[in-house]
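For the numbers below, each heavy atom of this structure counts, side chains included, while hydrogens, waters and symmetry mates do not. Proteins get letters first, then strands, A, B, ... in listed order; numbering begins at 1 in each.
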Amino acid sequence: MSTFLGMPGDFPKNAAKAVQDSQLRFNLRKATRTIRGKRGAVVAELPDWQELRAAGKAIKDHTLAHLDTYLLQLEEAVTAAGGTVHWARDAAEANRIVTELVQATGENEVVKVKSMATQEIGLNEHLAEQGITAYETDLAELIVQLGDDFPSHILVPAIHRNRAEIREIFLREMPDAPKDLTDEPKALAEAARLHLRERFLRAKVAVSGANFMIAETGTLVVLESEGNGRMCLTLPETLISVVGIEKLLPTWQDLEVFLQLLPRSSTGERMNPYTSTWTGSTDGQAFHLVLLDNGRTNVLADEVGRQALRCIRCSACLNVCPVYERAGGHAYGSVYPGPIGAILTPQLRGVETELDASLPYASSLCGACYEVCPVAIDIPEVLVDLRAKVPHKRAERAGMKVAGWVLDKPVRLARAQRLAIRFRGLAPRRLPGPMSAWTDTRDLPEIPEQSFRDWWESQ
Amino acid sequence: MRVALFITCVNDTLFPDTGRAVVSLLRRLGCEVEFPKAQTCCGQMHVNTGYKEQGARLARHFTEVFSGHEAVVAPSGSCAAMVREQYPRLIDEPVPRVYDLSEFLLDVLEVEDVGAYFPHRVTYHPTCHSLRGLKLGDKPARLLSKVRGLELVPLGGAEECCGFGGTFSVKNPAISAAMCSDKVRNVLDTGAEVLCAADNSCLMHIGGTLRRQRSGVRVMHLAEILASTEAAR
């Protein structure tokens, strides 16, 4: 996974900076709570939601357990339908394959359907280095691209921007934007529409991702709201889809479960406006499928962590996360922010950097993410498991060792308690060192005159 | 009925009044309370901070101390959830059945009215591990609604985390404090005199903020409210 840096520091530092940004806080609070409310309403409508959720989990688990078989079945079906399948071990390989495919067409620009996988591998940046311009066509991605910015949400990449900010970006970066553009959503959408139409009609090559791939027929599926994705998928002469190997479903019947789970969990709609499916090449369009590993096989090998591969990128976990709501997406330094990012990024990218090692701690373990996850990923379980795998700071290790030593024997605990009680009058109002993080905003509890166990003895 | 009390290390050291309240409440309801003296800590802090082995050692010690007791009661949703949810993943030993206080009162003793008297305006914060871990639902509210004199006022955004999260509160202090300030605003909006919860760790965090702000709102563990009687006043 290529390094994607929204912000340079570790998570606590990034978050501490973001939490001061009142505009960001306001935008995030409003947007996440709106989607959260919509999701809650449409999920509550379904009496069999928990059964659907269990079915989604079971289908994904089965597919992941037999990924080798289904991937070969998919390759065979795509090939039979006239498509070409390419296997990419990592980001560099995927970027090279896509670049060569674009170069073979003789074109120097591509249009893009919103895709997490291509962001993960930094495709746009790589193409730019090779003289190929990639145009994002999803409205929110367009806003992010024009603003020379990073996405901060899986579903709503420009969630950190409000409409006044979007108007400013359009006026500054979109030459064909009307001079009297207002910040009315309708006017903003119309300006983007006119801007994008011209690109769609000109483009000869498109790059997409996919929400699902169906092994039995070799069909790819994209769910979207705007219809821009469908333009990308159908108009250009060459379509290149870059898809993570875990996006597989065995059959169309399995898709039925996910067409119910995904829209309700992500946009809070009963059904998304556009569902496009395509199989292989057609008259007038050549099709290439780049299957991306980029760390996924390693994740699959981890007994606890592999459940993260069930993720269908709905972002319900982001919208309920109290940490995400206050820190924003950029603090996670990855295309995958929020709770799912906190377990996916360290697994895909490793925990060598300070940022990646801090991600498993970017959670109070409140469990709201697990509750809403449509494929029942126990995010707190994976977070706790990852915390045992990241390097720990020396001072913390020493502190935990002392605490462990005291708690190992009741006698030691009782002695430590009596010691604390004897010096209770000396307890400072503000603690020194790393523990000042507590007393900066909170008073300490008073140390009582007697521990419970000593009271029990004395009664 | 014989009950073993798991006091938890935080209550033992910092909030003994909660433990005394549990003892007096359970005795009032006819239970014989035992306190296995070898108990220390459930290991939650170690496990959740990434120190699995030390946590597992404490977990094994816990199962050793409490095996053979038919009912273990803990006045902490979070420690009870640790034992119930995480122990089976952490250790091979059979895990003793641990009840949170309100589960024990309602599901085992089957009492809703514990004969308490507490003439104050109270709001209840359901804490994440009680709500989403143990799935206590409306159990604490049912107990509180039977307390004479008590006016229970609903808390806005009740199901949202207060931002404590154990070592999260010092590892991510800025976010933790931001979460708590929203929680505190919701508490103050209720006009309650007392904020009640079934976990003193969360109350230490919210209460510490309420005190720093000189808000005048007290925090109290559920057990302390349920133990209050007219006679004791």
Side-chain angles (χ1 to χ4, degrees), chain A residues 11-12 15-17 19-20 25 304 322-323 326-327 358 360-368 370-371 381 384-390 392 396-397 400-401 403-404 406-410 413 416-417 420 434-435 437-445 447-448 450-457, chain B residues 7 9 11-20 23 35 37-41 43 45-52 54 57-58 61 86 89 128-129 131-133 159-182 204-205 207-209 211-212:
Chain A
F11 182 83
K17 201 181 285 174
V19 91
Q20 311 266 16
R25 287 279 290 279
V304 178
V323 177
R326 290 163 184 88
S358 72
Y361 294 94
S363 164
S364 64
L365 304 178
C366 85
Y370 178 33
E371 204 173 53
E381 182 193 6
V384 168
D385 193 64
L386 285 169
R387 288 176 185 188
K389 292 173 179 162
V390 304
H392 300 134
E396 183 190 281
R397 255 192 345 253
M400 285 291 168
K401 206 168 174 181
V406 169
L407 293 168
D408 262 346
K409 301 269 184 240
L413 175 59
Q417 286 168 340
M435 289 311 288
W438 180 272
T439 49
D440 279 348
T441 59
R442 294 156 281 219
D443 279 359
L444 282 170
I447 296 169
Q450 195 178 32
S451 70
F452 176 81
R453 65 180 64 227
D454 279 352
W455 170 79
W456 179 269
E457 282 304 299
Chain B
I7 185 66
C9 60
N11 288 326
D12 183 7
T13 309
L14 293 172
F15 306 101
D17 288 350
T18 297
R20 292 162 72 159
V23 173
F35 179 73
K37 278 183 283 184
Q39 64 178 281
T40 58
C41 164
M45 179 183 75
H46 281 99
V47 172
N48 284 357
T49 311
Y51 298 80
K52 215 176 184 169
Q54 286 168 37
R57 207 164 62 215
L58 291 167
H61 177 72
Q86 299 217 55
R89 300 198 286 248
C128 303
H129 294 167
L131 188 70
R132 285 177 283 265
E159 74 291 348
E160 284 170 38
C161 179
C162 71
F164 173 63
T167 48
F168 174 78
S169 60
V170 286
K171 278 178 171 281
N172 279 285
I175 298 295
S176 171
M179 286 162 72
C180 197
S181 81
D182 288 343
M204 178 170 75
H205 168 68
T209 308
R211 268 181 54 175
R212 174 61 58 88

Name the region of B:Arg211, side chain, backbone, both or neither, that has any atom closer than 4.5 Å to a heavy atom of chain A. both
For the candidates B:Pro16, B:Cys180, B:Ala174, B:Gly19, which exhibits the highest count of non-hydrogen atom pairs separated by less than 4.5 Å from chain A? B:Pro16
Heavy-atom proximity to chain A below 4.5 Å, by part of B:Thr18: neither
Taking NZ, NE, NH1 and NH2 as the nitrogens, is one of them in B:Arg89 or A:Asp385 under 4.0 Å from a carboxylate oxygen of the other? no
Between B:Leu14 and chain A, with a heavy-atom cut-off of 4.5 Å, which part of the residue counts as in contact: side chain, backbone, both or neither? both
Just wondering, do A:Arg397 and B:Tyr51 contact through their side chains at under 4.5 Å, heavy atoms? yes
Option in B:Gly207, B:Ala177, B:Ser169, B:Ser181 with maximal non-hydrogen atom pairs under 4.5 Å from chain A: B:Ser169
B:Ile7 side chain reached by A:Trp456 side chain, heavy atoms, under 4.5 Å: no
Output the option from B:Gln39, B:His205, B:His61 having the highest count of non-hydrogen pairs under 4.5 Å with chain A. B:His205
B:Val23 vs A:Phe452, side-chain contact (heavy atoms from CB on, under 4.5 Å): CA-CA, chis, key distance, verdict: CA-CA 11 Å; B:Val23 173; A:Phe452 176 81; 3.8 Å; yes
Between A:Arg442 and B:Ser176, is there a side-chain donor-acceptor contact under 3.5 Å, judged purely by atom types and distance? yes
If we define contacts as heavy-atom pairs under 4.5 Å, which of B:Lys37, B:Lys52, B:Met45 has the most with chain A? B:Lys37
Quick one: does B:Arg132's side chain get under 4.5 Å of A:Tyr370's, heavy atoms only? no
Look at the aromatic rings of B:Phe164 and A:Trp438 and report parallel, tilted or perpendicular, splitting at 30° and 60°. perpendicular
Under 4.5 Å between any side-chain heavy atoms of B:Glu160 and A:Pro322, yes or no? no
How long is the straight-line distance from NZ of B:Lys171 back to CZ of A:Phe11, given to the nearest 0.5 Å? 13.0 Å
Please tell me if the side chains of A:Ser451 and B:Thr13 come closer than 4.5 Å, counting only heavy atoms from C-beta onward. no
If we only count heavy atoms from C-beta on, is the A:Glu396 to B:Thr167 side-chain gap below 4.5 Å? no
Would you say B:His129's side chain and A:Leu365's backbone share a donor-acceptor pair under 3.5 angstrom? yes
Where does B:Asp182 contact chain A at under 4.5 Å (heavy atoms): side chain, backbone, both or neither? side chain
Do B:Arg212 side-chain atoms and A:Asp440 backbone N/O form a donor-acceptor pair below 3.5 Å? yes
Is the shortest heavy-atom distance from the side chain of B:Gln54 to the side chain of A:Asp408 under 4.5 Å? no
